Amino acid sequence: QVQLVESGGGLVQAGGSLRLSCAASGRTSNDYGMGWFRQAPGKERECVATINWSGGIRYYTDSVKGRFTISRDNAKNTVYLQMNSLKPEDTAVYYCAAGSSGRVFTSVEAALNWGQGTQVTVSS
């Protein structure tokens with residue numbers, strides 16, 4: 001099991017920035033691919049960005065490419081999501097997830113563990 005705790009959400013105006021952090025603990029957390037998903041009211045949870053165990057491979061959904069950056073610091077067991085040029089449509093609860101292997105992953109079903117979520121609200 002990998003325990004995940006997110007922080008860094010909040011309210012920001014359109015065009016602003018936020019950085020989300022996810023602190024991981026538990027059995028060899030650095031062996032897993034990690035990712036950020038989001039869920040807006042009335043919508044399904046979707047993959048935003050994921051990163052492999054070493055940080056060398058990253059995936060982004062099309063709507064955030066060029067605006068969001070995922071990174072990880074394995075010495076600190078922490079994954080980050082830097083979000084720039086935020087838009088109202090980015091408003092959602094953001095969840096940190098640990099994959100079932102060291103590779104990047106894009107589906108909810110491929111996530112092994114979830115954090116509790118952090119709210120991101122972007123006002124227009």
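If you read the sequence from its start, that first residue is 1, and numbering goes on from there. Values in this document were obtained by computation on a predicted structure and should not be read as measured data.
- The side chain to side chain donor-acceptor pair (under 3.5 Å) search around K65 returns D62, not counting sequence neighbours.
- Among residue pairs with one or both ends in residues 12-23, those qualifying as side-chain hydrogen bond (donor to acceptor under 3.5 Å, both in side chains) are S17-N84; sequence neighbours excluded.
- In this structure, Y60 and A49 approach most closely via the heavy-atom pair CD2-CB, 3.6 Å.
- Residue pairs meeting the disulfide (SG to SG under 2.5 Å) criterion with at least one partner in residues 37-76, sequence neighbours excluded, do not occur; the list is empty.
- Shown here for P88 and A14, the closest heavy-atom pair between the two residues is CD-CB, 4.1 Å.
- Between L4 and M34 there is a side-chain heavy-atom pair separated by less than 4.5 Å.
- D90 pairs by the side chain to side chain donor-acceptor pair (under 3.5 Å) definition with R38, R67, not counting sequence neighbours.
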For F68 and T61: C-alpha separation, side-chain torsions, deciding distance, then whether side-chain contact (heavy atoms from CB on, under 4.5 Å) applies.
CA-CA 10 Å; F68 290 11; T61 194; over 6 Å; no

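- A salt bridge (charged side-chain N to carboxylate O under 4.0 Å, His left out) check over residues 1-10, counting only residues at least two apart or in different chains, returns nothing.
- Residue V93 belongs to a hydrophobic cluster whose other members are F37, Y95, F105, V108, W114, with links defined by side-chain heavy atoms closer than 4.5 Å.
- Partners of E89 according to the side chain to side chain donor-acceptor pair (under 3.5 Å) rule, which considers only residues two or more places apart in sequence or in another chain, do not exist here.
- By the side chain to side chain donor-acceptor pair (under 3.5 Å) test, T121 pairs with Q119, sequence neighbours left out.
- If you take CG on L18 and CG on L11, they are separated by 8.5 Å, rounding to the nearest 0.5 Å.
- Side-chain contact between W53 and D31 is absent, with no heavy atoms from C-beta onward closer than 4.5 Å.
- Not one N or O on the side chain of N74 forms a donor-acceptor pair closer than 3.5 Å with the backbone of N77.
- In this view, S71 and Y80 satisfy the side-chain contact (heavy atoms from CB on, under 4.5 Å) rule, not counting sequence neighbours.
- Counting heavy atoms from C-beta outward, Y59 and N52 have side chains that stay 4.5 Å or more apart.
- Between the side chain of T91 and the backbone N or O of V122 there is at least one donor-acceptor pair closer than 3.5 Å.
- Applying the 6.0 Å contact sphere to CD of E44 captures no more than 12 heavy atoms from other residues, nucleotides or ligands.
- The cluster map of Ile, Leu, Val, Met, Phe, Trp and Tyr, joined by side-chain heavy atoms under 4.5 Å apart, puts I70 and V104 in different clusters.
- Not a single donor-acceptor pair under 3.5 Å links the side chain of R103 to the backbone N or O of I57.
- Closest approach of L20 and G9 over heavy atoms only: CD2-N, 3.6 Å.
- Clustering ILVMFWY residues whenever any of their side-chain heavy atoms sit less than 4.5 angstrom apart, transitively, puts V48 in the very cluster that holds L86.
- Annotation: disulfide (SG to SG under 2.5 Å) contacts involving residues 54-124, sequence neighbours excluded, comprise C22-C96.
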